*Asks:* 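This is the structure I want to talk about, given as structure tokens.
Atoms considered below: every heavy atom in the structure, side chains included; atoms not considered: hydrogens, waters and symmetry mates. None of the values given here were measured: they were computed from a predicted structure. Numbers here are sequence positions counted from 1.
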Amino acid sequence: QVQLVESGGGLVQAGGSLELSCAASGSILRLQAMGWSRQAPGKPRELVARAANGGNIDYGGSVRGRATISRDGAKNTVSLRLNSLKPEDTGVYYCAAYQGGRDADWDVTWGPGTQVTVSS
């Protein structure tokens, strides 16, 4: 099992920025990507950003142009920076670790979630 430890959530003013970090440990030999998703009350969970081992990066449409995701050299940590925060960025942010082989469906392990609240 992979374990995910998240940090960086909290209260942020609109127009500001935040940085979230996540560290993976445990069974990470088949780790293929790491990223972040978020869920607002009454809304489905949505992708924020995902960074694959090979360098491919995906951003959710609601944060494209405002978000930057990065991985360290060991590929067991991921950081997300989100600028120009809006109240609609409020939600629980979940770190995700994607595991599997190439050209195969990936299993995802979710972190416990960290609350991000953007004040107006």
*Asks:* Which pair of heavy atoms, one from L47 and one from S37, lies closest together, and at what distance?
*Replies:* CA-OG, 3.6 Å
*Asks:* Is the closest side-chain heavy-atom distance between V2 and L31 below 4.5 Å?
*Replies:*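 They are not in contact (no side-chain heavy atoms under 4.5 Å apart), so the answer is no.
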*Asks:* Can you tell me how far the CZ atom of R71 sits from the SG atom of C22, to the nearest 0.5 Å?
*Replies:* 10.0 Å
*Asks:* To the nearest 0.5 angstrom, please state how far the CG atom of L11 sits from the OG1 atom of T117.
*Replies:* 6.0 Å
*Asks:* Supply the atom-to-atom distance S7 OG to L20 CG, rounded to the nearest 0.5 angstrom.
*Replies:* 7.5 Å
*Asks:* Closest heavy-atom contact between N53 and A33?
*Replies:* OD1-N, 3.9 Å
*Asks:* With no hydrogens and no angle check, do the side chains of R38 and Y93 hold a donor and an acceptor under 3.5 Å apart?
*Replies:*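 A donor-acceptor contact under 3.5 Å links the two side chains.
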*Asks:* Rounded to the nearest 0.5 Å, how far does CD of E19 lie from OG of S79?
*Replies:*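 Output value for this atom pair is 5.0 Å.
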*Asks:* List the steps and the verdict of side-chain contact (heavy atoms from CB on, under 4.5 Å) for Q115 and T90.
*Replies:* CA-CA 8 Å; Q115 177 70 44; T90 294; 4.0 Å; yes
*Asks:* Quick check: closest heavy atoms across A96 and W110, and the distance to 0.1 Å?
*Replies:* CB-CZ3, 3.5 Å
*Asks:* Mind checking whether V92 and V116 sit in one hydrophobic cluster, side chains of I, L, V, M, F, W, Y counted as touching below 4.5 Å?
*Replies:* no
*Asks:* Checking the side chain of E6 only, and the main-chain atoms of C95 only, is there a donor and an acceptor separated by less than 3.5 Å?
*Replies:*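 Flag set: sc E6 to bb C95 pair under 3.5 Å.
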*Asks:* Between CZ of R30 and CD1 of I28, what distance do you get to the nearest 0.5 Å?
*Replies:*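 It is 13.5 Å, given to the nearest 0.5 Å.
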*Asks:* Parallel under 30°, tilted from 30 to 60°, perpendicular over 60°: which one fits the rings of Y98 and W106?
*Replies:* tilted
*Asks:* Indicate the atoms forming the closest heavy-atom contact of S27 with Q99, along with that distance.
*Replies:*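 Closest approach of S27 to Q99: O-OE1, 3.0 Å.
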*Asks:* Can you confirm whether Y94 sits close enough to V108 that some side-chain heavy atom of one is under 4.5 Å from a side-chain heavy atom of the other?
*Replies:* no
*Asks:* In the structure I gave you, are the side-chain heavy atoms of D89 and L82 within less than 4.5 Å of one another anywhere?
*Replies:* yes
*Asks:* Do you know which two heavy atoms are closest between A14 and S120, and how far apart they sit?
*Replies:* CB-CA, 4.4 Å
*Asks:* Donor-acceptor pair, R66 side chain versus N83 backbone, under 3.5 Å?
*Replies:* yes
*Asks:* Could you state the interatomic distance from CG (L4) to OG1 (T77), rounded to the nearest 0.5 Å?
*Replies:* 11.5 Å
*Asks:* Are any of the side-chain heavy atoms of V78 and W36 separated by less than 4.5 Å?
*Replies:* yes
*Asks:* Which pair of heavy atoms, one from Q32 and one from G101, lies closest together, and at what distance?
*Replies:*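 Distance-wise, the nearest heavy atoms are NE2-CA, 3.9 Å.
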